[in-house]
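Chain A is the first sequence line, chain B the second, and so forth, proteins listed ahead of strands; every chain is numbered from 1.
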2 protein chains.
Amino acid sequence: MAVTIKEVALRAQVSRSAVSRTFTDGASVSTKMRKKVIKAANELGYAPNILARSLTTRRTKLIGLVSNNFDNPFFLKVFDLFTSGLQDVGLRPLLVNLTSETDPAQAAHMLRQYSVDGVIVASSELPAIFSKAFKEVNIPIIESFGMISEDTSDMHCVSIDNKQCGRMAARLLIKKGYTNIGFMGGPENVSVSRGRFEGFKEVLKSHPEIQASYSYAESHTFAAGRKEMLRLLKSPTAQAYYCGDDVISIGAISAIQSTGLSVPEDIGIMGLDDIEIAGWENINLTTIHQPIQQIISSTIELMEAILEEPDRYPENRLFPCYVVERGTLKNQ
Amino acid sequence: MAVTIKEVALRAQVSRSAVSRTFTDGASVSTKMRKKVIKAANELGYAPNILARSLTTRRTKLIGLVSNNFDNPFFLKVFDLFTSGLQDVGLRPLLVNLTSETDPAQAAHMLRQYSVDGVIVASSELPAIFSKAFKEVNIPIIESFGMISEDTSDMHCVSIDNKQCGRMAARLLIKKGYTNIGFMGGPENVSVSRGRFEGFKEVLKSHPEIQASYSYAESHTFAAGRKEMLRLLKSPTAQAYYCGDDVISIGAISAIQSTGLSVPEDIGIMGLDDIEIAGWENINLTTIHQPIQQIISSTIELMEAILEEPDRYPENRLFPCYVVERGTLKNQ
DNA sequence: TAAATTTTTGCAACCGGTTGCAAAAATATT
DNA sequence: AATATTTTTGCAACCGGTTGCAAAAATTTA
């Protein structure tokens with residue numbers, strides 16, 4: 001059984017309040033008192049119970065880290081940086097895995113039961129209904145890596161500039177000399193896909209000489225990318241594709257190779273994310289780099305700010321990306 | 001502000017105990033009472049505060065999920081299955097990311113402050129000192145995916161049978177007709193590497209005609225696999241290598257290809273884990289499959305059992321693996 | 001040195017729940 | 001209908017902390 005404040009108080013011959021105060025910064029305790037208490041606490045191996053404390057302070061330092069992207073290597077990095085980043089500022093991530101069956105209200109309910117101080121939604125394709133549900137139970141929430149859209153204007157978002165990515169991709173393909181290019185996005189109904197699509201199309205408006213086609217993979221997975229590319233390969237294809245993300249890209253490459261064609265000789269491919277795998281020589285994918293560390297640091301800073309000031313005016317923080325050229329596009 | 005038991009009691013015109021009892025299964029409440037309370041609770045949107053409850057019940061349903069493998073895609077799947085599996089039985093994962101700088105005592109301390117009911121260490125290469133530290137603060141702990149060794153005989157472990165894997169690998173390589181084979185493990189000082197090494201060597205004892213060599217990658221990463229293979233390539237190599245895991249294998253393949261050689265024509269490679277990526281056509285790695293779902297289900301079941309019976313006698317649960325033949329070994 | 005001011009301390013109430021116990025209510029037995 | 005038994009209920013104490021308030025102690029000022 002863990003040692004409690006009462007036992008420390010007893011051993012140090014002081015009141016429980018005194019013990020409490022020594023472990024609360026900013027509280028008024030004399031040096032002698034503090035010394036006595038610390039001594040007793042160390043001898044007993046005491047540490048204040050944060051959960052009991054939270055009852056009065058109303059702060060658990062628990063942050064719900066919510067995602068449904070547990071199959072995309074990009075998000076492993078996201079979890080890595082979020083967990084260590086949160087730990088560094090004294091917050092603790094309570095991981096929530098939302099599957100398609102999860103009831104949004106249920107999930108929100110659960111997070112409230114655990115009195116999380118805030119929620120970070122780290123997902124590229126979570127239905128807006130989830131954020132709504134969290135919002136309703138009045139938990140501070142930040143959306144990271146997705147979901148910037150008209151109906152989230154009252155939410156805090158930290159994300160990449162998807163439109164800019166779309167533009168950058170189209171410009172790169174055109175610069176490379178491709179005259180017939182394709183957009184093969186992630187799921188059509190998710191906001192990140194829409195943003196990238198808009199940016200892509202925008203550039204094409206001023207390039208009437210370029211032919212373009214559009215399609216979507218069912219999800220941000222290897223299998224979906226492969227499947228969609230196999231479908232495209234049944235008809236004449238574009239010369240190069242900008243894919244929804246890196247795993248979709250790798251799936252597409254696999255499909256292309258399986259039909260005897262090669263990348264980039266026959267068809268060019270570019271992705272988005274710049275996951276570690278994209279840099280592996282066996283993959284060597286040209287892609288757009290997301291400044292993942294910056295996004296996460298910014299999200300955590302914003303969370304700390306919101307915890308201080310819950311009614312903070314919502315803001316969208318957008319981070320620009322940049323192209324990383326590797327070997328899956330060639331000059332025409 | 002969340003609605004509390006007091007408000008529900010007031011609205012339902014009953015005592016707080018009555019409300020508490022309706023939300024505690026097994027407690028004695030009449031049907032009428034329960035109905036009244038449920039009605040009030042629903043109208044108010046009440047849910048019991050688990051953290052407050054934990055003060056008296058001594059159960060938070062929080063489970064520390066501890067790992068330092070945040071860079072291996074295999075562990076993304078591990079986190080996926082653990083989080084959803086724990087959720088399914090009403091437990092909540094508190095994710096802890098241990099980096100090399102983390103102080104074991106500090107980490108244990110933190111988990112105790114949050115009164116986690118138990119800890120699952122999901123890691124293939126965590127120094128034993130960590131489990132020791134957790135053990136010392138008296139938190140039930142299970143080691144999953146690693147660390148079975150002499151000094152953990154007083155711990156619960158759920159893992160694959162590493163020795164069997166080593167044997168299986170050696171046998172496969174021999175069966176394929178290779179006569180000069182290599183073991184290129186993960187870090188030498190971690191128990192999983194040792195187990196696999198032992199199994200591998202054991203088979204070779206009864207095959208004096210086979211030449212074998214041994215080396216180790218620095219970590220379970222692409223970069224380490226690549227580096228170690230580049231080193232090996234400076235001298236005459238074996239005909240095929242059994243690598244520490246899949247990412248090491250893929251790094252090794254990359255190294256081999258970068259010197260103009262090819263896999264499996266010039267050098268054969270096999271891994272262990274069977275991560276999703278291994279099945280991607282562009283990788284197509286022959287490997288040993290870990291029954292990850294079974295290990296995780298078993299770990300969770302064991303955790304539930306331990307929570308019921310804290311002094312349960314420690315056990316090691318070992319799961320056999322099986323070979324998945326793909327394209328990185330050929331018949332000699 | 002006495003009075004005024006500031007700092008430190010403990011008391012007691014509270015945070016949001018649970019639970020042993022005894023009284024009250026409902027049900028069963030005679 | 002009276003009594004015995006069982007079930008339901010509320011009281012009050014407790015879980016491990018924090019905190020407003022007033023008294024006590026220490027320090028400053030006159």
Q. Can you find a side chain N or O atom of B:Ser30 that sits less than 4.0 Å from OP1 or OP2 on D:dT9?
A. yes
Q.
The criterion is side chain to side chain contact (heavy atoms under 4.5 Å, CB included); which residues satisfy it with A:Arg112, sequence neighbours excluded?
A. A:Val137, A:Ile139, B:Ala2, B:Ala47
Q.
Students often get this wrong, so: under 4.0 angstrom with heavy atoms, is B:Ala47 touching a base, only sugar-phosphate, or nothing?
A. sugar-phosphate
Q | Residues that B:Glu136 engages under salt bridge (charged side-chain N to carboxylate O under 4.0 Å, His left out), provided they are two or more places apart | A | none
Q) Which pairs count as ring-ring contact (aromatic ring centres under 6.0 Å, His included) when at least one residue sits in residues 70-94 of chain B, sequence neighbours excluded? A) B:Phe70-B:Phe79, B:Phe74-B:Phe145
(Q) Could you tell me how far apart B:Asn49 (CG) and C:dG17 (P) are, to the nearest whole angstrom? (A) 5 Å
Q. Do side-chain atoms of A:Gln113 reach the backbone of B:Pro48 as a donor and acceptor pair under 3.5 angstrom?
A. yes
Q.
Could you check whether B:Arg34 and B:Thr22, counting side-chain N and O atoms only, form a donor-acceptor pair closer than 3.5 Å?
A. no
Q. Which pairs pass ring-ring contact (aromatic ring centres under 6.0 Å, His included) with one or both residues in residues 11-55 of chain A, sequence neighbours excluded?
A. A:Phe23-A:Tyr46
Tabulate atom names and distances for all N/O pairs under 3.5 angstrom spanning the protein and nucleotides 18-21 of chain C.
from, atom 1, to, atom 2, distance (Å)
C:dT18, OP1, B:Arg53, NE, 2.5
C:dT18, OP1, B:Arg53, NH2, 3.0
C:dT18, OP2, B:Ser20, OG, 2.2
C:dT18, O5', B:Ser20, OG, 3.4
C:dT18, O4', B:Thr56, OG1, 2.8
C:dT19, O4, B:Ser17, OG, 3.2
C:dG20, O6, B:Arg21, NH2, 3.0

Q: Find the bend of the helix from C:dT1-D:dA30 to C:dT30-D:dA1 as the angle between its two terminal axes (five pairs each), to the nearest 10°.
A: 30°
Q: Calculate, to the nearest 0.5 Å, the distance between atoms CG and NZ belonging to B:Leu86 and B:Lys61 respectively.
A: 11.5 Å
Q.
Given 3.5 Å as the limit, does a donor-acceptor pair link the side chain of A:Tyr114 with the main chain of B:Thr60, or not?
A. yes
Q: Mind jotting down which residue pairs meet the side chain to side chain donor-acceptor pair (under 3.5 Å) criterion with at least one end in residues 75-92 of chain A? Sequence neighbours excluded, please.
A: A:Asp80-B:Asn97, A:Thr83-B:Asn97
Q: Let me know the distance between CD of B:Gln13 and C1' of D:dT9, rounded to the nearest Å.
A: 15 Å
Q: Any pair with a residue in residues 89-113 of chain B that passes ring-ring contact (aromatic ring centres under 6.0 Å, His included), sequence neighbours left out, goes on the list, sorted by first then second residue, please.
A: none
Q) In the 5'-to-3' direction, what one-character label does each nucleotide of nucleotides 23-28 of chain D receive under the scheme B = base within less than 4.0 Å of a protein heavy atom, S = sugar-phosphate only, - = no such atom? A) ------
Q.
With the threshold set at under 4.0 Å for non-hydrogen atoms, list the residues of residues 111-118 of chain A touching DNA chain D in residue-number order.
A. none
Q. Just how far is it from atom CE of B:Met303 to atom CD of B:Glu308, taken to the nearest 0.5 Å?
A. 12.5 Å
Q) For A:Leu55 and C:dG16, what is the distance between atoms CG and C1' respectively, to the nearest whole Å? A) 5 Å
Q) Does the side chain of A:Ser124 pick up a donor-acceptor pair with the side chain of A:Asn69 at under 3.5 Å? A) yes
Q.
According to salt bridge (charged side-chain N to carboxylate O under 4.0 Å, His left out), does anything in residues 36-47 of chain B pair up with another residue at least two apart or in another chain? List the pairs.
A. B:Arg11-B:Glu43, B:Lys39-B:Glu43
Q: Report yes or no: do A:Gln106 and A:Thr102 form a side-chain donor-acceptor pair below 3.5 Å?
A: no
Q: Scan A:Thr4 against the nucleic acid and name what it touches under 4.0 Å (heavy atoms): base, sugar-phosphate only, or nothing.
A: sugar-phosphate
Q. Among residues 33-45 of chain B, which contact DNA chain C at a heavy-atom distance under 4.0 Å?
A. none
(Q) Distance check needed: D:dG17 P versus A:Lys6 NZ, whole Å only. (A) 11 Å
Q) Any side-chain donor-acceptor pair under 3.5 Å between A:Ser298 and A:Arg317? A) yes
(Q) Is it the case that the side chains of B:Thr299 and B:Ser144 hold a donor-acceptor pair, with the cut-off being a distance below 3.5 Å and no angle test? (A) yes
Q | d(CD, B:Glu7; C1', C:dC15) in whole Å | A | 13 Å
